[in-house]
Amino acid sequence: KLERLKKEYSDDSDDTVHQLAIVPKEVQLPLWHEDARAQANSLIRSALFTATNPNAKRDHYEKIKIASVEGIEILYTGTQLNQSDADVIDTVLHICRRTTLGLECRVTGYRLLKLLNKKDSKQNYVILDKQLTRMVATAIRIRVDKRWSYEGSLIQNIRRDEVNSDYLISLNPTITQLFQEDQYTLINHRLLMALQRNPLAQWAVRYFSSHAEPYPMKFITIRDLSGS
């Protein structure tokens with residue numbers, strides 16, 4: 001009986017070691033200043049967030065190749081995204097940057113709207129809720145310089161506290177792959193908010209902020225990379 005118990009204990013111990021080995025370590029996004037917003041270069045150097053009218057009809061894509069700069073390949077499944085969606089995901093990343101990724105980050109709809117420079121109106125709450133759902137329903141595969149790739153959604157999942165009207169948002173821990181030291185850009189938040197009525201200008205701010213020095217571009221290249 002003693003030998004049997006030793007064997008059972010040994011088996012349980014091996015299983016425990018195996019389980020611990022697959023538990024990911026706690027990870028967070030980089031920390032940045034309150035007046036800035038951070039976004040992955042691989043996303044803003046592409047037409048993933050188009051410079052189109054937010055009220056225009058949206059297409060739905062199935063593993064479509066998104067226009068991007070050389071060295072970045074994006075396959076996207078989901079509803080077409082635009083610069084207003086970029087504002088939302090920027091804000092979610094900003095709020096969740098101090099939370100361990102994979103854990104829930106609680107935020108009110110009111111705070112999200114305030115950070116998005118939106119009025120506290122019923123219509124804006126409805127629009128915000130649709131945008132957050134859209135982010136969960138995305139599937140993005142990104143390959144950078146043929147060195148590494150990321151596949152997942154922009155937001156992992158959301159729980160809604162219907163009593164307090166709070167959102168409990170979780171981000172995929174592996175999204176940090178897109179935010180390595182030389183793979184993301186800090187963007188002037190106030191400037192983005194001032195340009196909310198001009199999606200192409202917002203796209204340009206995001207795109208050129210991701211480069212050390214601006215450089216001339218052909219109109220057709222801007223059209224393709226902005227999706228305008």
Return the [atom1] to [atom2] distance between [X] and [Y], rounded to the nearest 0.5 Å.
| X | Y | atom1 | atom2 | value |
| --- | --- | --- | --- | --- |
| Ile155 | Ile175 | CD1 | CD1 | 9.0 Å |
| Thr52 | Arg58 | OG1 | CZ | 7.0 Å |
| Arg45 | Glu70 | CZ | CD | 12.5 Å |
| Leu186 | Asp35 | CG | CG | 11.5 Å |

Heavy-atom donor-acceptor pair, [X] side chain to [Y] backbone, under 3.5 Å:
| X | Y | answer |
| --- | --- | --- |
| Gln83 | Phe49 | yes |
| Asp85 | Asn82 | yes |
| Thr91 | Leu112 | no |

Provide the closest heavy-atom pair for Ile74 versus Ser46 in the form atom of the first, atom of the second, distance.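 Reported closest heavy-atom pair: CD1-OG, 3.5 Å.
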
Phe208 vs Trp203 aromatic rings, parallel, tilted or perpendicular, using cut-offs 30° and 60°?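 Rings of Phe208 and Trp203: perpendicular, as their planes differ by over 60°.
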
Look at the aromatic rings of Tyr184 and Phe179 and report parallel, tilted or perpendicular, splitting at 30° and 60°.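 Rings of Tyr184 and Phe179: tilted, as their planes differ by 30° to 60°.
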
More than 12 heavy atoms of other residues, nucleotides or ligands under 6.0 Å from OH of Tyr215: is that the case?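 Yes.
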
Check this for me: Arg160, atom CZ, are more than 12 non-hydrogen atoms of other residues, nucleotides or ligands nearer than 6.0 Å?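 Counting other residues, nucleotides and ligands, CZ of Arg160 exceeds 12 neighbours.
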
With a 4.0 Å cut-off, would you call Arg111 and Asp166 a salt bridge?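 A salt bridge is absent here (no side-chain N lies under 4.0 Å from a carboxylate O).
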
Only one of Ile89, Leu154, Thr185 passes side-chain contact (heavy atoms from CB on, under 4.5 Å) with Leu43; say which it is.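 Considering Ile89, Leu154, Thr185, a side-chain contact (heavy atoms from CB on, under 4.5 Å) with Leu43 is found only for Leu154.
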
